[in-house]
Amino acid sequence: MKIYTKTGDKGETSLYGGTRVSKASARVESYGTIDELNSFIGFAKAEITDEGILYQLKKIQFDLFTVGSESATPTDKLTLANGKSRLSLMISETEIEELEQWMDEFETALEPLQYFILPGGGKGATSLHICRTVCRRAERSLVFLNEHEEVRPELIKYLNRLSDYLFVLARYVSKIQGEPEEYWNPNDRGQ
């Protein structure tokens with residue numbers, strides 16, 4: 001099977017379920033940004049050696065494929081004519097609660113925040129801060145899509161929680177790698 005099909009040469013693509021849309025559509029933008037986030041998480045993994053964290057990030061990458069596949073499926077195509085789900089997996093409260101549990105575990109090792117944190121803290125932490133900002137963009141793109149076409153609320157909630165997780169993880173990675181956090185303190189400008 002060839003990787004190129006030439007079916008997108010005129011600026012259209014097929015969604016899951018067969019509907020043809022512009023590659024500039026809100027739906028394509030949303031699952032494209034989710035794919036970008038997944039790639040950045042893969043990049044961040046290259047800077048992290050902790051096996052527990054690598055397990056979590058691999059699980060998140062898997063879950064992001066699940067989010068992306070649903071994002072690529074119009075809501076009216078989620079169910080087949082026989083009443084079964086088109087997708088074998090969908091994000092649920094289970095995955096959202098898992099992120100919350102992981103965050104709670106990391107936060108027990110972290111100092112309480114007193115100021116905003118400047119993105120940094122070593123290569124691993126900085127990579128995770130980039131992931132966090134791309135995750136927020138992916139979330140915004142799903143919210144925008146939801147204003148025009150229905151999106152299951154679990155998808156938006158998952159990305160919202162994931163961006164929080166990535167922030168906490170960036171702080172944790174900075175700590176375990178011995179890299180100091182830099183704070184944004186308005187009273188210390190330029191120091």
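Values in this document were obtained by computation on a predicted structure and should not be read as measured data. Note that these values count all heavy atoms, side chains included, but never hydrogens, waters or copies made by symmetry.
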Side-chain donor-acceptor contact under 3.5 Å, Thr33 with Glu29: yes

Quick one: does Ile130's side chain get under 4.5 Å of Phe43's, heavy atoms only? no

Leu128 side chain reached by Tyr172 side chain, heavy atoms, under 4.5 Å: no

Glu98: salt bridge (Lys or Arg N to Asp or Glu O under 4.0 Å) partners, not counting sequence neighbours: Lys59

Minimum side-chain heavy-atom gap Glu93-Lys157 below 4.5 Å: yes

pair Tyr165-Leu57: side-chain heavy atoms closer than 4.5 Å: yes

Mind checking whether Lys123 and Thr126 have side chains closer than 4.5 Å, heavy atoms only? no

I want to check something: taking the side chain as every heavy atom from C-beta on, are Leu155 and Asn146 in contact at a cut-off of under 4.5 Å? no

If only side-chain N and O atoms count, and only distance matters, is there a donor-acceptor pair under 3.5 Å linking Thr108 with Glu105? no

Would you give the length of the straight line joining atom CG of Leu64 to atom CG of Asp35, rounded to the nearest 0.5 angstrom? 9.5 Å

Would you indicate whether the side-chain heavy atoms of Arg171 and Phe167 approach each other to under 4.5 Å? yes

Does atom CZ (Phe65) have a neighbourhood of more than 12 heavy atoms from anything else shown, all under 6.0 Å? no

Charged N-O contact under 4.0 Å between Asp63 and Lys58: no

Is the closest side-chain heavy-atom distance between Leu162 and Leu37 below 4.5 Å? yes

